[in-house]
Amino acid sequence: MPELPEVEVVRRGLDAHVTGRRIAAVQVLHPRAIRRHLPGPEDFSGRLAGREVLAARRRGKYLWLDLDGSEAVLAHLGMSGQMLVQPEGAPDEKHLRVRVRFDDDGPELRFVDQRTFGGLATADQVLVDGELLPTPVAHIARDPMDPAFDLGAAVDAMRRRRTWVKRALLDQTLVSGVGNIYADESLWRTKLHWARPTEKLTRAQAGELLTAATEVMGEALLAGGTSFDALYVNVNGQSGYFDRALAVYGQEGRACRRCGGVIRRDPFMNRSAFSCPVCQPRPRSMRD
DNA sequence: CATACATCCTGACCGC
DNA sequence: TGCGGTCAGGATGTAT
């Protein structure tokens with residue numbers, strides 16, 4: 001499940017393999033993959049053909065290629081999206097959705113996505129807080145790896161919310177890049193229960209939580225990202241190894257490495273929240 | 001305006 | 001062997 005570290009691994013791969021190359025032709029094999037590009041597949045392909053890729057950029061879980069001119073190709077990997085750099089002629093992946101060929105006989109870029117939650121679109125760019133961003137990214141908060149990330153502002157924003165702390169942590173308009181895996185890991189590191197009300201968080205606790213999120217995502221990035229299966233891979237199709245370092249996510253029934261408590265899984269927003277019942281006790285306001 | 005939630009999708013897995 | 005149910009879950013559009 002691509003969150004910030006996984007998307008950053010992909011961004012680096014794109015910067016290394018795609019930046020500086022000129023697009024020759026684009027083939028859309030599944031229209032749903034470009035459903036957010038409202039003018040449709042032919043318009044999408046037409047806008048990309050002949051353009052040079054100037055840079056690969058990212059904010060939170062959004063990824064985009066700056067093109068010559070002012071447009072960008074915006075990508076979101078969703079749950080299962082992959083950006084693969086493959087030699088022309090390599091067998092098509094089962095869930096290949098979009099193929100991008102370049103004018104230099106080098107490898108092609110493929111967007112592969114089993115569940116089609118992700119997708120590509122072109123987007124105009126707009127200046128937001130001194131930064132040029134694709135329009136659909138304008139509302140996304142800076143992520144903790146952004147040099148201009150303001151921890152104090154993020155703490156204030158989080159404490160202004162009136163909800164469970166994990167909901168706030170997952171809200172991409174407060175702080176971006178955190179998904180279900182790193183949310184649970186950050187909460188465990190800070191010994192906070194996922195249902196702790198944000199209004200009862202001290203400034204220090206909110207700061208520790210966001211700092212923990214920054215650290216755990218940094219460690220995951222160093223390990224090449226987290227992967228449980230073949231659904232998340234870098235542009236060369238390789239998986240990361242951070243899943244071996246997870247303390248609570250996916251660890252139901254195993255012993256907490258800090259206190260020996262039995263990790264539990266709770267239903268949370270039609271998904272799961274993993275926590276240690278001993279070091280992350282439920283808030284009193286939420287009886288069993 | 002803020003918060004909550006149903007919805008999109010495919011495949012792995014499990015119990016019967 | 002197959003079949004139905006469950007789960008994985010990011011972001012959006014809609015409802016409250």
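Naming: A, B, ... by sequence-line order, numbering from 1 per chain.
The bend of the helix from B:dA2-C:dT16 to B:dC16-C:dG2, defined by the angle between the axes of its first five and last five pairs, stands at 50° to the nearest 10°.
The distance between atom CG of A:Asp184 and atom P of C:dA8, rounded to the nearest whole Å, is 11 Å. Straight-line distance from the CZ atom of A:Phe274 to the P atom of C:dC7: 11 Å, rounded to whole Å. Rounded to a whole Å, the CE atom of A:Met269 is 8 Å from the C1' atom of B:dA4. To the nearest angstrom, P of B:dC8 lies 17 Å from CZ of A:Arg97. Remark: C1' of C:dA11 and CZ of A:Arg59 are 17 Å apart, rounded to the nearest angstrom. Atom CZ of A:Arg115 and atom P of C:dG10 are 10 Å apart (whole Å). For the pair A:His76 NE2 and C:dA11 P, the interatomic distance rounds to 3 Å; values are reported in whole Å. Regarding A:Leu77, its CG atom lies at a distance of 15 Å from the C1' atom of B:dC9, rounded to whole Å.
Both A:Val53 and A:Leu14 belong to a single network of hydrophobic side chains, linked directly or stepwise wherever heavy atoms of I, L, V, M, F, W or Y lie under 4.5 Å apart.
Where A:Asn270 and A:Arg160 each meet DNA chain B at their nearest nucleotide, the meeting point lying more 5' is that of A:Arg160.
A sub-4.0 Å separation between OP1 or OP2 of B:dG11 and a side-chain N or O of A:Lys94 is present. Distances shorter than 4.0 Å separate none of the side-chain N or O atoms of A:Thr116 from OP1 or OP2 on B:dT10. At the phosphate of B:dC9, neither OP1 nor OP2 sits under 4.0 Å from any side-chain N or O atom of A:Ser80. An OP1 or OP2 oxygen of B:dG11 is reached within less than 4.0 angstrom by a side-chain nitrogen or oxygen of A:His95.
Salt-bridge formation is not detected for the pair A:Lys61/A:Glu3: no Lys NZ or Arg NE/NH1/NH2 atom is positioned less than 4.0 Å from an Asp or Glu carboxylate oxygen. Under a 4.0 Å N-O distance rule, the pair A:Arg21/A:Glu52 does not qualify as a salt bridge. Using a cut-off of 4.0 Å between Lys/Arg side-chain N and Asp/Glu carboxylate O, A:Asp184 and A:Lys166 are scored as salt-bridged. Between A:Arg58 and A:Glu6 there is no salt bridge, since no side-chain nitrogen of the basic residue lies less than 4.0 Å from a carboxylate oxygen of the acidic one. Between A:Glu252 and A:Arg254 there is no salt bridge, since no side-chain N of the basic residue sits under 4.0 Å from a carboxylate O of the acidic one.
At a threshold of 4.5 Å between non-hydrogen side-chain atoms, the residues A:Asp66 and A:Arg57 count as touching. Residues A:Leu63 and A:His76 fail the side-chain proximity criterion, which asks for heavy atoms closer than 4.5 Å.
Judged purely by atom type and a 3.5 angstrom limit, A:Thr198 uses its side chain to pair as donor or acceptor with the backbone of A:Thr163.
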What's touching nucleotides 12-16 of chain C from the protein side, N or O pairs under 3.5 Å?
residue : atom : partner  : partner atom : Å
C:dT12  : OP1  : A:Tyr62  : OH           : 2.6
C:dT12  : OP2  : A:His139 : NE2          : 3.4

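Among the atoms of the strands shown, only primed sugar atoms or phosphate atoms (P, OP1, OP2) are found under 4.0 Å from some heavy atom of A:Arg167.
Set against B:dC9, B:dT10, B:dT7, the side chain of A:Arg32 has B:dC9 as its closest nucleotide. For A:Gln172, taking side-chain heavy atoms from C-beta onward, the closest of the listed nucleotides B:dA4, C:dA8, C:dA11 is C:dA11. Closest to the side chain of A:Ser272, out of C:dG10, C:dA8, B:dG11, is C:dA8. Comparing C:dA8, C:dG10, B:dT3 by their nearest atom to the side chain of A:Arg265 picks out C:dA8.
Side chain A:Arg271 to base C:dG10: a donor-acceptor pair is found below 3.5 Å.
Contacts of A:Gln27 classified as side-chain hydrogen bond (donor to acceptor under 3.5 Å, both in side chains), with partners at least two apart in sequence or in another chain: A:Arg99.
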